[in-house]
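Note on naming: letters A, B, ... go to the chains in the order of the sequence lines (proteins, then strands), and numbering restarts at 1 for each one. These figures come from a predicted structure and were not determined experimentally.
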Amino acid sequence: MADRVKILTQHVNVPGIETFEVYRKHGGYASVEKALKTMSPDDVTEEVKKSGLRGRGGAGFPTGMKWSFVDKKSGKPRYLVCNGDESEPGTFKDRYLMSKIPHLLVEGMITSSFAIGANLSYIYIRGEMMYVVRIIQKAIDEARAAGFLGKNILGTGYDLDLHVTCGAGAYICGEETALIESLEGKRGNPRIKPPFPAIAGLYGNPTVVNNVESIASVPYIVNNGGDEYAKIGVGRSTGTKLISASGHIKNPGVYEIELGLPVDEFLNSPEYLGGSWKSDKKIKAIIAGGSSVPILPLELFLKNAAGEPRLMTYESLSDGGFATGTMLGSGGFFAMDEDTCIVKNTWNLSRFYHHESCGQCSPCREGTGWLEKVLHAIESGHGKQSDIDLLVDIAKKIEGNTICPLGDAAAWPVGSAIRHFRHEFEWHVANPKLAAEPGAVYRA
Amino acid sequence: MSDTTTKKIEFSPEAKALVEKYISKFPEGKHKSAIISILHLAQAEFNGWLSPEVMDYVAEILNIKPIEVYEVATFYSQYYLKPQGKYVLEVCRTGPCCLRGAEDIIEYTCKKLGIKEGETTPDGMFTVKGVECLAACGEAPMMQVGLDYHVDLTHEKIDSLLDKFKLENKVSRAFP
Ligand SMILES: Cc1cc2nc3c(=O)[nH]c(=O)nc-3n(C[C@H](O)[C@H](O)[C@H](O)COP(=O)(O)O)c2cc1C
Ligand code: SF4
Ligand code: FES
């Protein structure tokens with residue numbers, strides 16, 4: 001228990017760690033010195049490739065590979081943009097990291113910018129987290145004063161300007177091309193890909209967009225080597241992952257886990273979530289990776305369809321595909337106890353996606369509205385039996401037919417809720433009077 | 001656009017210095033990128049919302065067409081296009097928070113203030129809004145007021161926060 005591997009959160013509780021001085025005393029900025037003085041940009045990228053680090057923003061794309069796609073031939077300026085939009089319901093790890101240990105992100109940004117050859121980089125943080133914007137601004141100012149940013153960093157000839165900037169309330173700006181539009185001072189409408197940002201991103205120039213946690217993992221990889229990082233974890237799920245846990249559990253909060261931790265241990269051990277928040281209330285369902293991933297009944301979350309215990313890895317959680325599995329996603333984990341109405345929870349999330357649709361493509365704009373409306377009707381006791389299949393049909397028609405994945409993200413929770421909890425929807429339709437009562441919940 | 005304002009809209013010298021700082025973060029000719037930050041600041045400076053006159057002023061500062069400002073101002077949920085209470089209580093209403101009593105907190109706060117969700121008290125002090133996940137689900141229920149996150153809310157916490165705001169009595173809006 002004592003020797004859990006901690007890469008990102010090892011020093012979060014050191015008093016004063018948010019200051020440059022204390023952070024530096026605890027080994028901070030060593031990766032910048034090592035990379036800039038002893039490695040080439042390609043060496044750094046190579047270590048990140050070897051580490052097996054996969055993007056922590058949700059999609060899990062290998063970070064080193066993403067960096068190697070960036071166009072270096074055209075001679076255009078290259079940018080690194082850090083995605084601190086963190087708006088996926090259930091996810092609050094990036095806010096935790098940025099507010100607790102801001103210099104870790106700044107250090108990661110310098111080392112990573114060097115790797116892709118960027119001389120100008122941005123950290124984009126959602127507008128609601130304005131106090132975090134100020135924390136990061138202070139860290140940047142301190143790093144600059146200490147000679148880790150600006151012209152000719154540490155006398156190595158490498159120049160980097162790093163700035164923090166903000167959004168103003170829009171989940172869609174977490175999608176990388178919408179984020180780029182927002183950074184250009186426009187509405188956050190996702191772009192049609194290709195071209196991918198690695199070729200034409202910010203101001204039409206080659207751009208890498210990475211999640212806060214991905215960037216914050218880079219200093220360890222550079223300091224210790226990609227091979228060391230790859231030793232942590234299981235198979236293709238290397239390293240540690242921050243999980244933000246909420247809902248009906250005893251110990252909500254942010255946990256840094258070694259990928260491969262048994263799911264049962266994570267959920268039930270007092271070291272982690274401590275099981276249900278109330279001893280007499282059983283947990284019924286889990287959303288394991290942010291609101292967009294399929295919901296699972298507790299049994300299917302703990303064990304796959306073959307009855308094998310699941311692990312906290314990309315592969316194990318997605319075992320069984322969408323029929324019986326889910327996704328690790330952003331690591332936004334929330335648990336629901338037996339008193340939770342799955343229909344109501346699904347309606348709530350559909351309202352979120354409808355509210356957040358940018359409105360560019362009709363399947364998403366109209367479809368999310370329909371999902372919300374029909375779910376609300378069922379939830380409030382005004383639904384018909386045929387509405388349940390109508391929901392499945394709408395979800396299918398959105399999936400794969402939109403410019404960006406928000407459409408899929410809106411469809412998956414509905415499809416999976418009906419797949420695994422159809423009896424709750426049917427109960428609402430069959431018992432309209434009961435369903436209409438506030439707090440109504442199906443009981444077996 | 002409207003002729004109701006006679007007083008010229010202009011940022012204070014401190015605010016003007018901030019505007020310069022925001023613009024300096026972006027490459028030559030890409031000053032429009034600063035609009036998101038400037039609109040936050042404008043809202044904090046000019047009574048807590050973005051009137052057409054304020055948006056036109058921002059267009060003038062950035063040397064862009066007013067429509068470019070309206071496009072942005074109407075897209076993002078943190079920009080208010082109508083007057084709001086001095087304190088906008090933005091209570092998270094998304095799934096994880098609802099699992100831990102968000103709806104009860106919204107209901108209690110509204111009842112106490114004698115308004116419905118989305119409304120402003122007649123004295124112009126408070127607006128209550130249900131908003132989407134603010135990335136603090138582990139400390140639910142929670143709300144944001146200006147720069148601050150208030151977490152693990154209870155009825156008692158709401159009572160004492162409202163008292164505190166009444167004493168302070170100033171427009172609370174966050175800017176970078
Ligand atoms: C609707 C939508 C919202 C997203 N929100 C976020 C977000 O808040 N933070 C994030 O890092 N990635 C988010 N992503 C994923 C980004 O598009 C992108 O894949 C990611 O930032 C890449 O970084 P990574 O490879 O380091 O994970 C979102 C994607 C979509 C479609
Ligand atoms: S899928 Fe939805 S959010 Fe994405 S571009 Fe289309 S309308 Fe906008
Ligand atoms: S659901 Fe309320 S902060 Fe995330």
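Atom OH in A/Y124 sits 5.5 Å away from atom CD1 in B/I36 (nearest 0.5 Å). Note that the CE atom of A/M129 and the CD atom of B/Q144 stand 9.5 Å from one another [nearest 0.5 Å]. The CD atom of B/E90 lies 8.0 Å from the CD atom of A/E128; values are rounded to the nearest 0.5 Å. The distance from atom CG of A/L120 to atom NZ of B/K30, rounded to the nearest 0.5 Å, is 12.0 Å. A distance of 7.0 Å separates CZ of B/F75 from CD1 of A/I172, quoted to the nearest 0.5 Å. Taken from CZ in B/F26 to CD in A/E184, the straight-line distance is 10.5 Å, to the nearest 0.5 Å.
Only the side chain of A/W277 comes within less than 4.5 Å of a heavy atom of chain B; its backbone N, CA, C and O stay farther away. Neither the backbone nor the side chain of A/S291 comes within contact range of chain B, judged by heavy atoms closer than 4.5 Å. Using a 4.5 Å cut-off between heavy atoms, A/Y96 does not touch chain B at all. Heavy-atom distances place no part of A/T346 under 4.5 Å from chain B, backbone and side chain included. Interface residue A/V164: backbone and side-chain heavy atoms are both found under 4.5 Å from chain B. Residue contact with chain B, scored on non-hydrogen atoms closer than 4.5 Å, involves the backbone and the side chain of A/Y131 alike. Contacts between B/L99 and chain A at a heavy-atom distance below 4.5 Å involve backbone atoms as well as side-chain atoms. For A/K344, the part sitting under 4.5 Å from any heavy atom of chain B is the side chain, from C-beta outward, and nothing else. Looking at A/L183, the atoms closer than 4.5 Å to chain B (heavy atoms on both sides) sit in the backbone and in the side chain alike. The parts of B/A174 that come within reach of chain A are both its backbone and its side chain, each placing non-hydrogen atoms under 4.5 angstrom from that chain.
Per-residue heavy-atom pair counts under 4.5 Å with chain B were compared for A/R126, A/E88, A/H355, A/E86, and the maximum is reached by A/R126. Chosen from B/E68, B/E132, B/H31, the residue pairing most often with chain A at heavy-atom distances under 4.5 Å is B/E132. Taking A/M336, A/K93, A/R351, A/H248 one by one and counting their heavy-atom pairs under 4.5 Å with chain B, the maximum is reached by A/R351.
Looking at B/C137 and A/F334, their side chains never come closer than 4.5 Å, going by heavy atoms from C-beta outward.
Surrounding CD of B/E107 are at most 12 heavy atoms belonging to other residues, nucleotides or ligands under 6.0 Å away. Heavy-atom neighbours of B/N63 CG from other residues, nucleotides or ligands within 6.0 Å: at or below the threshold of 12. Around atom NZ of A/K282, no more than 12 heavy atoms belonging to other residues, nucleotides or ligands sit under 6.0 Å away.
Considering all non-hydrogen atoms of both residues, A/A170 and B/Y76 come closest at CB-CD2, 3.9 Å. Between B/K25 and A/H163, the closest heavy-atom pair is O-CD2, 3.2 Å. The two residues A/G247 and B/R100 make their nearest non-hydrogen contact at O-NH1, 2.7 Å. Scanning both residues, B/C133 and A/S87, for their nearest heavy atoms gives CB-O, 4.4 Å. Closest approach of B/G95 and A/N345 over heavy atoms only: CA-OD1, 4.1 Å.
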**Prompt:** A/K186 and B/E71: side-chain contact (heavy atoms from CB on, under 4.5 Å), yes or no, with the steps?
**Reply:** CA-CA 8 Å; A/K186 295 185 261 180; B/E71 275 175 4; over 6 Å; no

**Residue pair B/T74, A/R187: steps toward the side-chain contact (heavy atoms from CB on, under 4.5 Å) verdict** = CA-CA 9 Å; B/T74 52; A/R187 298 165 74 92; 3.1 Å; yes

**Item:** side-chain contact (heavy atoms from CB on, under 4.5 Å) between A/T165 and B/S37, intermediate numbers included
**Value:** CA-CA 7 Å; A/T165 180; B/S37 297; 4.1 Å; yes

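Using a cutoff of 4.0 Å between basic side-chain nitrogens and carboxylate oxygens, B/E139 and A/R95 are scored as salt-bridged.
A cation-pi contact links A/R134 to B/F175, judged by a cut-off of 6.0 Å to the six-membered ring centre and 45° from its axis.
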